[in-house]
Amino acid sequence: MDSTCTESSTGTGAEKDKAAADLTKATSAPTAAAAPDIQSHDTFVIRKTLSLTAGEYVVSVARPDGSEGEPVAYAREKRLSLRGQVTVYTDASRKSVLAAFKGRDHEVGYMYDVRDASGQPFGSFYEDAGASFLRRTWQVRQPGRMKLTGRERSRVVAFVRFVWEFVPYLEYVPFIWPYRFQYTESGKPLMTVTKKLGLHTRYVLEILAPDIDRRLAIAHTLALDALEVD
């Protein structure tokens, strides 16, 4: 009798331990999903929303009709912190880093290095101060692949922006008029960034070259907005 009771008790304990282990496994936090395959997409929509303390960016793959499709990246810029540093994440939980950029002093002014999740640089960009006097111009570098020059296409909008920055107090307000940057290499158009007119801040990023790193292109597009007011 005692032996039987002991075996029954032991068996029950083992079953409980197994059940507990299965329950723990079933309810444990899921592993982070793999980063979306953004390199296979050519057009993205970047939407920004504002709160009292931060600017939130959602990057989505553009549908054929131009609307927002699958979200592939998120970023959050603290409005009360120093500008020039933005981290881009693969999802809204902000647990997995897609890319990040941060400014540093350089002979050209400020150079922004773009790094991956492990901290390794894979690209950079900076504003060409001399060329930006009347038309804002950016240089985007992807080592071993691309050297892009991005410039505002409309001279009229560029002039309005130039005047805007010299009007008292307006220099601290983001430029609200839509504009378009075209990025070329040796005169060949390879990328465009278009700011849309609307109630919400919205950009369309179109990439025309398969070798351009989408992470670099997205980070630079975010910088056009995040660095607009210095």
Side-chain angles (χ1 to χ4, degrees), residues 46 48 50 53-57 59 73-89 94 96-153 157-159 161-175 179-186 190-193 195 201 203 205 207 211-230:
I46 295 92
K48 180 183 181 181
L50 291 174
T53 59
E56 302 275 355
Y57 298 92
V59 182
Y74 298 78
R76 189 170 191 265
E77 177 208 14
K78 293 182 179 180
R79 300 179 69 188
L80 300 181
S81 66
L82 293 176
R83 290 180 177 269
Q85 181 174 358
V86 174
T87 302
V88 187
Y89 300 90
R94 302 201 298 271
S96 179
V97 174
L98 181 70
F101 68 82
K102 182 178 181 180
R104 60 179 171 86
D105 288 326
H106 192 267
E107 60 184 7
V108 298
Y110 264 104
M111 173 74 74
Y112 296 89
D113 299 306
V114 186
R115 301 177 183 275
D116 61 19
S118 65
Q120 295 299 313
F122 62 88
S124 62
F125 54 83
Y126 66 90
E127 186 169 8
D128 190 330
S132 291
F133 184 68
L134 290 178
R135 293 172 69 187
R136 288 185 69 188
T137 302
W138 288 83
Q139 302 294 336
V140 181
R141 300 290 183 261
Q142 185 177 331
R145 294 292 183 89
M146 299 285 173
K147 293 183 178 180
L148 301 177
T149 298
R151 183 177 289 110
E152 285 181 282
R153 291 193 63 181
V157 174
F159 178 74
R161 180 199 293 275
F162 175 77
V163 173
W164 179 284
E165 294 177 351
F166 284 90
V167 175
Y169 303 109
L170 281 184
E171 70 267 27
Y172 301 108
V173 179
F175 187 67
Y179 55 78
R180 185 179 187 185
F181 278 81
Q182 184 174 64
Y183 295 78
T184 63
E185 184 179 49
S186 301
L190 297 180
M191 187 174 88
T192 61
V193 175
K195 183 178 182 180
T201 303
Y203 297 85
L205 165 65
I207 301 171
D211 290 343
I212 295 178
D213 193 315
R214 273 50 175 168
R215 298 171 301 171
L216 175 60
I218 289 171
H220 175 64
T221 304
L222 294 176
L224 289 178
D225 185 89
L227 304 175
E228 192 168 285
V229 179
D230 296 318

Practice task
Sort out for me which residue in Asp213, Ile218, Ile212 forms a side-chain contact (heavy atoms from CB on, under 4.5 Å) with Arg215.
Solution key: Asp213

Problem - Sub-4.5 Å side-chain heavy-atom contact between Leu227 and Tyr112 - result: yes

Completion exercise
Looking only at heavy atoms, the pair that brings Asp211 and Gln142 closest together is O-NE2, 3.0 Å

Completion exercise
Sorted by chain and number, sequence neighbours left out, side chain to side chain donor-acceptor pair (under 3.5 Å) with Ser118 holds for Asp116

Fill in the blank from the handout: Looking only at heavy atoms, the pair that brings Gly103 and Tyr110 closest together is C-CD2, 4.0 Å

Problem - Nearest-0.5 Å distance that lies between atom CZ in Phe101 and atom CG in Leu216 - result: 11.0 Å

Problem - Approximate separation, where rounding is to 0.5 Å, of Lys195 NZ and Thr201 OG1 - result: 5.5 Å

Handout entry: Contact summary for Pro143 and Phe122, nearest pair of heavy atoms
Key = CD-O, 3.6 Å

Practice task
Tell me whether the centres of the aromatic rings in Tyr89 and Tyr74 are closer together than 6.0 Å.
Solution key: no

Handout entry: Option from Arg141, Lys102, Arg104 for which side-chain hydrogen bond (donor to acceptor under 3.5 Å, both in side chains) with Asp113 holds
Key = Arg104

Problem - Any donor-acceptor N/O pair, Arg135 side chain to Glu152 backbone, under 3.5 Å - result: yes

Exercise for the section: Work out which heavy atom in Leu190 is nearest to a heavy atom in Met146; give both atom names and the distance. Expected result: CD1-SD, 3.8 Å

Handout entry: side chain to side chain donor-acceptor pair (under 3.5 Å) partners for Arg214, two or more places apart
Key = Asp42

Fill in the blank from the handout: For Phe181 and Arg136 the tightest heavy-atom approach is CE2-O, 3.4 Å

Handout entry: Under 3.5 Å side-chain donor-acceptor pair for Thr149 and Glu185
Key = no

Practice task
Any chance you could measure Met111, atom CE, to Glu127, atom CD, to the nearest 0.5 Å?
Solution key: 12.5 Å

Exercise for the section: Side-chain contact test, heavy atoms from C-beta onward, threshold under 4.5 Å: evaluate it for Tyr57 versus Val86 and give yes or no. Expected result: no

Fill in the blank from the handout: Interatomic distance, CD1@Ile46 vs CG@Leu222, rounded to 0.5 Å, equals 6.5 Å

Practice task
Under the ring pair (Phe, Tyr, Trp, His ring centres under 6.0 Å) rule, collect the residues that match up with Tyr183, sequence neighbours excluded.
Solution key: His220

Fill in the blank from the handout: Shortest non-hydrogen pair, Ala99 vs Val114, comes out as CB-CG1, 4.3 Å

